[in-house]
Amino acid sequence: MRSLLLLVLFVQALHLPLRAAEPSGGPVVSTVQVVLHLQDLDDAALGRLASEVGRERNVGIEYSCTWSGVLVLHYTEAPVSERADVVTMTRRLLAKVGLEQGVVFLHITIEPQGPGKC
């Protein structure tokens, strides 16, 4: 009986640190990469986008090619957890510089950050 009691206490002690490491229900913060094809991407549009991105703290342009219209954006500490959130956030950024038409989202990668994440 004493052995059983010690076993139960040992198992509970193992589960206590695991519960403490679980997320607290706060906002999810992620690192996001978005690969886009922009039909109207030219040097002027890329310049407007670069100046708008320069004002933002958590977004950067990873890659751009005006010839092909491919653009890769990188968000850090983005308050998103789903693809739809990323699409909305990116469309809002592109609308600020007049790039609303001809936008195709080719690939989106979302990597959660926080306790227990690399």
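This is a predicted model, so every value here is computed, not measured.
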Exercise. Under a single-linkage definition using a 4.5 Å side-chain heavy-atom cutoff for Ile, Leu, Val, Met, Phe, Trp and Tyr, are Phe105 and Leu71 assigned to the same hydrophobic cluster?
Worked result: yes

Problem set entry | Residues Leu36, Val103; criterion side-chain contact (heavy atoms from CB on, under 4.5 Å); working and verdict | CA-CA 7 Å; Leu36 304 161; Val103 178; 4.1 Å; yes

Exercise. Any side-chain heavy-atom pair from Val34 and Val72 closer than 4.5 angstrom?
Worked result: no

Problem set entry | Cluster overlap Leu49 with Val87, hydrophobic side-chain contacts below 4.5 Å | yes

Seminar exercise, completed: In terms of heavy-atom contacts, Ile110 and Arg83 come closest through CD1-N, 3.7 Å

Exercise. Does any non-hydrogen side-chain atom of Leu73 lie less than 4.5 Å from one of Val32?
Worked result: no

Exercise. Hey, any chance Leu94 and Val104 share a hydrophobic cluster, counting ILVMFWY side chains that come within less than 4.5 Å of each other, even indirectly?
Worked result: no

Exercise. Could you walk me through whether Asn58 and Thr76 pass the side-chain contact (heavy atoms from CB on, under 4.5 Å) check?
Worked result: CA-CA 5 Å; Asn58 298 334; Thr76 57; 4.0 Å; yes

For this session: Output yes when Lys96 and Glu56 qualify as a salt bridge under the 4.0 Å nitrogen-oxygen rule, no when they do not.
Result: yes

For this session: Would you sort out whether His74 and Thr31 count as a side-chain contact (heavy atoms from CB on, under 4.5 Å), showing the intermediate values?
Result: CA-CA 7 Å; His74 182 247; Thr31 299; 3.2 Å; yes

Exercise. Should Tyr63 and Leu106 be counted in the same cluster of Ile, Leu, Val, Met, Phe, Trp and Tyr side chains packed under 4.5 Å apart?
Worked result: yes

Seminar exercise, completed: Tightest non-hydrogen contact, residues Ile61 and Ser64, listed as CG2-CB, 4.3 Å

For this session: Examine the side chains of Thr90 and Tyr75 and answer whether a donor and an acceptor come within less than 3.5 Å of each other.
Result: yes

Problem set entry | Heavy-atom closest pair, residues Ala78 and Met89 | CB-CE, 4.0 Å

Exercise. How close do Pro112 and Ser30 get, heavy atom to heavy atom, and via which atoms?
Worked result: CA-OG, 3.7 Å

Exercise. With side chains defined as the heavy atoms from C-beta onward, is the minimum distance between Leu93 and Val53 less than 4.5 Å?
Worked result: yes

Exercise. Closest heavy-atom contact between Leu99 and Ala45?
Worked result: CD2-CB, 3.8 Å

Exercise. Can you name the closest pair of heavy atoms from Leu41 and Val70 and give their distance?
Worked result: CD2-O, 4.1 Å

Problem set entry | Sub-4.5 Å side-chain heavy-atom contact between Glu62 and Gln33 | yes

Exercise. Is any side-chain heavy atom of Glu77 less than 4.5 Å from a side-chain heavy atom of Gln113?
Worked result: yes

Exercise. OG1 of Thr66 to CG of Asp42: how many Å apart, nearest 0.5 Å?
Worked result: 7.5 Å

Exercise. Side chains of Glu82 and Asp85: closer than 4.5 Å at any heavy-atom pair?
Worked result: yes

